[in-house]
Amino acid sequence: MDKILSLGLIGCGGIATGAHLPGWANCKRAKVVACFDVDRKRAEAAAEKFAIPRVCKTLKELLALDEIAAVDICTPNYDHAPAALAAFRAGKHVYCEKPIAMNGREGAAMVAAAKKARRKLMIGLHNRFRGDVQFVKSLIDAGRLGHIYYARSVSIRRRGVPSWGVFGQKKLQGGGPLIDIGVHAIDLAWFLLGCPKPVSVSGKCYETIGKTPGHFGLFGAWDWKTYDVEDFAVALVRFAGGQTLCLESAFCANLPADREAAADIVGDKGGASVNPLKVCLEENGTLMNCEPQFVKDAAPPHHLGLWNFTDAVLDNKPVAIPGEQALTIQKIIDGLYQSSKLGREVKIG
Ligand SMILES: NC(=O)c1ccc[n+]([C@@H]2O[C@H](COP(=O)([O-])OP(=O)(O)OC[C@H]3O[C@@H](n4cnc5c(N)ncnc54)[C@H](O)[C@@H]3O)[C@@H](O)[C@H]2O)c1
């Protein structure tokens, strides 16, 4: 019989019940056998809905279960590092939601702990698994777009502060739209650029709308009284080898259209955009803008991430999105926040 990966779920809120548990339910090679949430009612509700046999009272209890080989961390950002470090100490593999952590220091500790424990660490930057992103990657790999030297990445909501969780609280979240939704846009542009080494970033954050009363948006009204993160972040990132990335990320910005986890890639033979998918080519002396048809996700991208992690653990293969890569994205984010504070370009170590 094929091997099965037994998992423990840590944090049973929105992303766990909306994306991860359905993904695990559709995974032939994995089973969630226990869950834990500081809010026991949420853990019980998730366990009932998704037939999880055991609800643990503490993280310690969950991590002490020998039958569990891996954990799936779906807690808010402030808990990613503590939960992952505890899991590595208990000898478990870790799949953790994005961002890797609150900052690069915590992320680096997670990467080091995974290495020390000889366990796998994968971060849920699932947009890489999207059909449009994979299609553009295949064009790049086939040389159709030539040398890719520039990318523009965007996660913009006109009014889209989450009305649940702790997404507007810096001390619990690490930042605002940049660390929450910008992280996806940066990651997929960086992935399509070929994962180059970032060397510096010049950025600026704006705080205008989120912390003032009387607004509502995509997710209704948010708690403006506790909102202390940026509304809008912009930056230019330079990479070794001369490539550059321009990025914009907003929970609130007076721009006409929302565009999330999107990127435009510029090469010397062609270009491409994801979300929406478009390809710019030159054929027989004619410039063409193409809209590829019937490009679909192989499965929900969140699920593809979880299944990739499962195969990597069971078959002892590398994970698709290792902690080291997510740490690089986090260093760009940290650099942008620092640059905004200092009012100048900063180096990325
Ligand atoms: N990849 C994506 O598209 C995506 C989308 C949404 C959220 N996320 C990420 O998922 C994480 C959770 O977001 P969410 O929207 O599910 O938030 P949420 O607030 O809906 O859920 C978080 C859950 O964690 C629980 N929790 C808090 N602290 C805990 C702790 N120390 N131990 C155990 N449980 C704890 C809470 O009680 C809650 O049930 C965040 O890091 C977020 O960035 C990713």
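The model shown is predicted, which means the values in this text are computed figures rather than measured ones. As the structure lists them, so they are numbered: ligands from 1, and atoms in each ligand from 1. Values below: every heavy atom of this structure, side chains too, minus hydrogens, waters and symmetry copies.
- Between the side chains of Y337 and E230, at least one donor-acceptor pair of N or O atoms lies under 3.5 Å.
- Comment: D228 does not engage K211 in a salt bridge, judged by the lack of any side-chain N to carboxylate O separation of less than 4.0 angstrom.
- Aromatic ring pairs are classed by plane angle as parallel below 30°, tilted from 30° to 60° and perpendicular above 60°; the pair W222 and Y227 is tilted.
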Fill in: side chain to side chain donor-acceptor pair (under 3.5 Å) between H147 and Q243, intermediate numbers included
CA-CA 10 Å; H147 169 61; Q243 292 161 303; 5.1 Å; no
Does ligand 1 have any N/O pairs with the protein under 3.5 Å, and how far apart?
from: ligand 1; atom 1: 1 (N); to: E97; atom 2: OE1; distance (Å): 3.0
from: ligand 1; atom 1: 1 (N); to: H126; atom 2: ND1; distance (Å): 3.4
from: ligand 1; atom 1: 3 (O); to: H302; atom 2: NE2; distance (Å): 3.4
from: ligand 1; atom 1: 15 (O); to: W164; atom 2: NE1; distance (Å): 3.1
from: ligand 1; atom 1: 16 (O); to: G14; atom 2: N; distance (Å): 3.2
from: ligand 1; atom 1: 16 (O); to: I15; atom 2: N; distance (Å): 2.8
from: ligand 1; atom 1: 20 (O); to: G14; atom 2: N; distance (Å): 2.8
from: ligand 1; atom 1: 28 (N); to: Y78; atom 2: OH; distance (Å): 2.9
from: ligand 1; atom 1: 31 (N); to: D79; atom 2: OD1; distance (Å): 3.3
from: ligand 1; atom 1: 34 (N); to: V38; atom 2: N; distance (Å): 3.4
from: ligand 1; atom 1: 37 (O); to: D37; atom 2: OD1; distance (Å): 2.6
from: ligand 1; atom 1: 39 (O); to: D37; atom 2: OD1; distance (Å): 3.4
from: ligand 1; atom 1: 39 (O); to: D37; atom 2: OD2; distance (Å): 2.6
from: ligand 1; atom 1: 39 (O); to: R42; atom 2: NH1; distance (Å): 2.8
from: ligand 1; atom 1: 41 (O); to: T75; atom 2: O; distance (Å): 3.3
from: ligand 1; atom 1: 41 (O); to: N77; atom 2: OD1; distance (Å): 2.7
from: ligand 1; atom 1: 41 (O); to: H80; atom 2: NE2; distance (Å): 2.9
from: ligand 1; atom 1: 41 (O); to: K98; atom 2: O; distance (Å): 3.4
from: ligand 1; atom 1: 43 (O); to: N77; atom 2: OD1; distance (Å): 3.4
from: ligand 1; atom 1: 43 (O); to: K98; atom 2: O; distance (Å): 3.0
from: ligand 1; atom 1: 43 (O); to: K98; atom 2: NZ; distance (Å): 3.0

Fill in: Derivation of the side-chain contact (heavy atoms from CB on, under 4.5 Å) call for W24 and T310
CA-CA 10 Å; W24 291 124; T310 301; 3.2 Å; yes
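- Taking a cutoff of 4.0 Å between a charged side-chain nitrogen and a carboxylate oxygen, D264 and R259 qualify as a salt bridge.
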